[in-house]
Structures are given as C-alpha cells and as structure tokens.
There are 2 protein chains.
Amino acid sequence: MKKAQLTRQALLQKAFEQIYTGGYQTTSIDAILAATAVTKGAFYYHFKNKDEMGLALIEEVLRPTLRLQFESLLQSSDDPLQAIYRLMQHLLFENDLLQAAHGCPMGNLTQELTPWHPVLSTALDQLLQDWIQLMTQLLQKGQQSGFIKTAVSARSVALFVLSGYWGVRSIGKLGDSRTVYTAYLNELKRYLNTLR
Amino acid sequence: MKKAQLTRQALLQKAFEQIYTGGYQTTSIDAILAATAVTKGAFYYHFKNKDEMGLALIEEVLRPTLRLQFESLLQSSDDPLQAIYRLMQHLLFENDLLQAAHGCPMGNLTQELTPWHPVLSTALDQLLQDWIQLMTQLLQKGQQSGFIKTAVSARSVALFVLSGYWGVRSIGKLGDSRTVYTAYLNELKRYLNTLR
DNA sequence: CCAAAAACATACCGATCAGTATGTTATGCA
DNA sequence: TGCATAACATACTGATCGGTATGTTTTTGG
C-alpha cells in the first residue's frame, strides 16, 4: 500500500476507535490528529471536512466489517436460527473489536447523528437496509429448507431480532452489561426456537 | 404556581423538546433561551450549569412521564401480555408527545451521553432500572395469575421486550418508521403469545 | 412602606474546534 | 535530473458556546 493510503487508513482507524468509544461530536479532529501523529494539513488533504471523513468511515470501515460478520454468520451453521443466535452471542461477548460498555458502533452513530445530520444518516440507513435484507433472505432460505415455520414473516423476524440487538447494546452501555447480555441471550434463544 | 417556578418549568419543557428532537450537545443554551424568551441570567439562576439542567430534565420531566405511561399500562388490561402490547402500540403510534422520527427520549439521551457523561448516565440508568423492575413485577404477577407460563424468566422477558422497543425506535429514526413499527408490532404480538 | 433577598437582565470572557491560508517536503515521471 | 504534483506541515481565523461578572427589577416579609 502506498504511504499516503497508509496515513488515510490510520486516520480512519483512529477516528473509528475514538468515535466508537466517545461519540462523533465529542471526537475532535485535533484529538484524532494527536492520536495518529498526523497534522491538520494531511487530514484536510485526505478529507474535505469532518463529515466527509465520517462518510468514508461508514463506507470504508463499518461496511466491510459488517460484511465480514455476516459472512462468518452464513458459514457458522446450516440452521439459520442457530446461526443467528451464534452471531449475536459472538457480537455481544466474543468479538474483541466491540466492547460491552461502548454499544454497537452503527447504533451509536445512528442515534447521535439522526436528528441533525441527514447525509450521514442516509448512509447509515443504507447499511441497515443491507443488514436487514441479508438476514431476511437467510430466514427465507430457512423457511424453504424447513427449518423455520412458514407462518411467520421473515422480514418481521429480522427486524425484531435486529431491534433487540440494537436495544440491548444500548441498555448494556448503562449498567452491568454482562448480566444484561446473558439474560437477553437466554430469551433470544427461547424466542428463536418458537420459530421452528 | 409561583412565577419563578413557571419560568423554570418553561425552560425544562423547551429544553426537553429541543433535546428530544435535536440531541443534547446540539441543543445550545442560547437556543433554549431564544425559544423561551428567558435570559441567560435567569437560566443560571435556576440551574448551576447545563448538566444540572439535564439532570433536572431527567428527574422532573422524564421520570414523571414514564411513571404516567406505566400507570396507564397497568390499568389497560388484566392480561399483562395484552397490556404490554397495548403500551408498545401506544408508545409507537398513538402518543402525541413521542414522534416516530425522533425516537425514544430516554434511549436517545442514553446513547448520546453514555460515552462521556457519567453523572447523567447514572441518572438514566436508575430510570431504566425502575422501568425494567416494574415490567418484571407485572410479568411475575401474570405468572402467578396463570396468564404466563412459569418456565420463562420474567426479568429476561422484560429486558427482551424493552430492548426491542429501544432498538426499533432507533431503527425507526432512519427509514420509513411506519412500516417498521407495524412489522415490529406484528412480531411482538406473536412473541408475546408464545409466553402463554 | 421599606429593606433584603429572590428573580431576572446584559455584556463580556475564555476555551474549543472546524476549517483555511500558506507554506514545505516527498514522490513519480518524462 | 528536473519539474510537476502529490503529500504533508504550521500558523492562524472566525464562529460557537458554556459560563461569569455585574448590574437591575421584582417579590416578599416584617
């Protein structure tokens, strides 16, 4: 990789970390520069402004990461319900990029930016739609292969599951996230089994 | 009510509106003052600083509102599962204080403040714990009166339901909230029935 | 009615922060 | 090798915003 691309990646990476743990507004460009030992001139050479960096962050960091998670989800089991459960378990407990106290990166950004930043919100919406659609298709395939009863709406289930995930990550940011997550996973497992 | 208390209430009310629709950081004190025709001197007479106003907002606006919602929930039906469903339906569609595009006030604040504001986060956590506990007790009563199977954990269910609610309100802020909400409610109803 | 405190008004300050202006150095290519 | 441009460095600006200093008005109690 060219050296210039390396600094760009470094900026995006540190920006992601700081924004994930501290929020978008709270993370100043100066703080990112201090953490990366990059200067302001370099930053504004690579990005027109802070928002464009945010956009690049969504497209070049968040999107590939999510894609990766979902691919491992697809390979984790033939049974889509078990695959979904394992994914959630992984996202809540085992993934070392995600930390309990800091919630879901995408959920965090959505919540913070939605009221006042239409451009980034639209980008996040597109990501979410992909996410929903992938899980819906997975569930539909599960219905065709007889794993899941056909009486339920795959899209509703996908939405229901993702809602629960976003929500529990929010709740986990407040109190004792470990016990919250285990309680949630228990009930999620029970819920998923009612779909068979 | 004394005149001084009226201005205090006006400040909290407008602050709530602006913070609910625009976020905590984005809402400047100056903006609140402009909306209320109150001056800065009056503001800092009533509140030591912005954060103390945020705390008053949580305790004096959010808490009573939630309490009100829950009381109407308790009176809405003998069947706790139906009561919960009706509450969610009401919160998502019928409540005119809450608007689809702006999410859940408490969820919004939690998401935005958690990373960097421990004091307000603690206050929000206490509110949430009340919320969870009330719903847990409601479910336990439902188990005792035979509405709900005793095999499930009331606390897990409460957490599961509240997570879904917070999550779907987040998701609803992004895209077409109406269809999202209806799909969610459909699956929620199905889920709740599996608890019988 | 009048002092004292409550309640409010106005002008200002200092820090932060996104963004810019203007440079300098590194790199690739003819 | 030299030059054009990419890539970065430094110093600065203008606006915003939370908070303060210092007033003035209003209310209250004796």
Side-chain angles (χ1 to χ4, degrees), chain A residues 1-58 60 109 112-113 115-121 123, chain B residues 1-58 60 109 112-113 115-121 123:
Chain A
M1 183 152 29
K2 281 186 183 173
K3 205 181 162 197
Q5 286 302 311
L6 277 174
T7 65
R8 187 191 154 95
Q9 290 304 315
L11 283 173
L12 285 178
Q13 191 54 41
K14 278 288 171 199
F16 172 78
E17 289 172 21
Q18 300 219 9
I19 289 173
Y20 172 43
T21 57
Y24 183 83
Q25 299 180 79
T26 312
T27 300
S28 71
I29 293 177
D30 287 335
I32 300 172
L33 298 178
T36 48
V38 171
T39 63
K40 198 159 264 194
F43 182 93
Y44 281 96
Y45 173 77
H46 286 286
F47 307 105
K48 208 180 81 196
N49 49 38
K50 188 181 182 182
D51 293 346
E52 218 191 39
M53 185 219 62
L55 212 60
L57 203 130
I58 293 172
E60 297 170 35
L109 275 178
E112 183 183 356
L113 299 179
W116 53 275
H117 207 306
V119 177
L120 292 184
S121 297
Chain B
M1 185 156 22
K2 279 187 184 174
K3 205 180 163 196
Q5 285 302 310
L6 277 175
T7 66
R8 187 191 155 94
Q9 290 303 315
L11 283 173
L12 285 177
Q13 190 54 40
K14 279 287 171 197
F16 171 77
E17 290 172 20
Q18 299 218 8
I19 289 173
Y20 173 43
T21 57
Y24 184 82
Q25 299 180 80
T26 313
T27 300
S28 71
I29 293 177
D30 288 335
I32 299 172
L33 298 178
T36 48
V38 172
T39 63
K40 198 160 262 193
F43 181 95
Y44 281 94
Y45 172 77
H46 285 286
F47 307 104
K48 205 180 82 194
N49 49 37
K50 189 182 180 181
D51 293 345
E52 218 192 39
M53 186 218 62
L55 212 60
L57 201 121
I58 292 172
E60 297 171 34
L109 275 178
E112 184 184 354
L113 299 179
W116 55 276
H117 208 305
V119 178
L120 291 184
S121 296

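Quick note on labels: first sequence line is chain A, next is B, and so on, each numbered from 1.
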Exercise. What is the nucleic acid contact for B:Phe43, judged by heavy atoms within less than 4.0 Å: base, sugar-phosphate only, or nothing?
Worked result: nothing

Using side-chain heavy atoms (C-beta onward) and a distance below 4.5 Å, is [X] in contact with [Y]?
| X | Y | result |
| --- | --- | --- |
| A:Leu55 | A:Leu120 | yes |
| B:Ile19 | B:Glu112 | no |
| A:His46 | A:Leu12 | no |

Taking [atom1] from [X] and [atom2] from [N], how many angstroms apart are they, rounded to a whole number?
| X | N | atom1 | atom2 | answer |
| --- | --- | --- | --- | --- |
| B:Leu33 | C:dA11 | CG | C1' | 14 Å |
| B:Gln18 | D:dC17 | CD | P | 11 Å |
| B:Leu6 | C:dA7 | CG | P | 12 Å |
| B:Gln9 | C:dA7 | CD | P | 14 Å |
| A:Lys48 | C:dT20 | NZ | C1' | 14 Å |
| B:Met53 | D:dC17 | CE | P | 14 Å |
| B:Asn49 | C:dG14 | CG | P | 20 Å |
| B:Tyr24 | D:dC17 | OH | P | 14 Å |

Which nucleotide sits closest to the side chain of [X]: [options]?
| X | options | value |
| --- | --- | --- |
| B:Tyr44 | D:dT10, D:dG19, C:dC8 | D:dG19 |
| B:Thr39 | D:dG19, C:dA7, C:dA9 | C:dA9 |
| A:Ser28 | C:dG19, C:dC17, D:dG19 | C:dC17 |
| A:Asp30 | C:dA7, D:dT27, C:dC17 | C:dC17 |
| B:Ile29 | C:dC8, D:dG19, D:dT10 | D:dG19 |
| B:Tyr45 | C:dA7, D:dA9, C:dT10 | C:dA7 |
| B:Lys40 | C:dC8, C:dG19, C:dA11 | C:dA11 |

For this session: Determine the interplanar angle of the A:Phe47 and A:Phe43 rings, folded into 0 to 90°, and report it as parallel if under 30°, tilted if 30 to 60°, perpendicular if over 60°.
Result: tilted

Problem set entry | Ring geometry between B:Trp116 and B:Tyr24 (parallel below 30°, tilted from 30 to 60°, perpendicular above 60°) | tilted

Problem set entry | Contact under 4.0 Å: A:His46 side-chain N or O vs D:dC8 OP1/OP2 | yes

For this session: Check whether any side-chain nitrogen or oxygen of A:Thr7 sits under 4.0 Å from OP1 or OP2 of D:dC8, and answer yes or no.
Result: yes

Seminar exercise, completed: Assign each of B:Ala42 and A:Gly41 the nucleotide of DNA chain C bearing its closest heavy atom; nearer the 5' end lies the nucleotide of B:Ala42

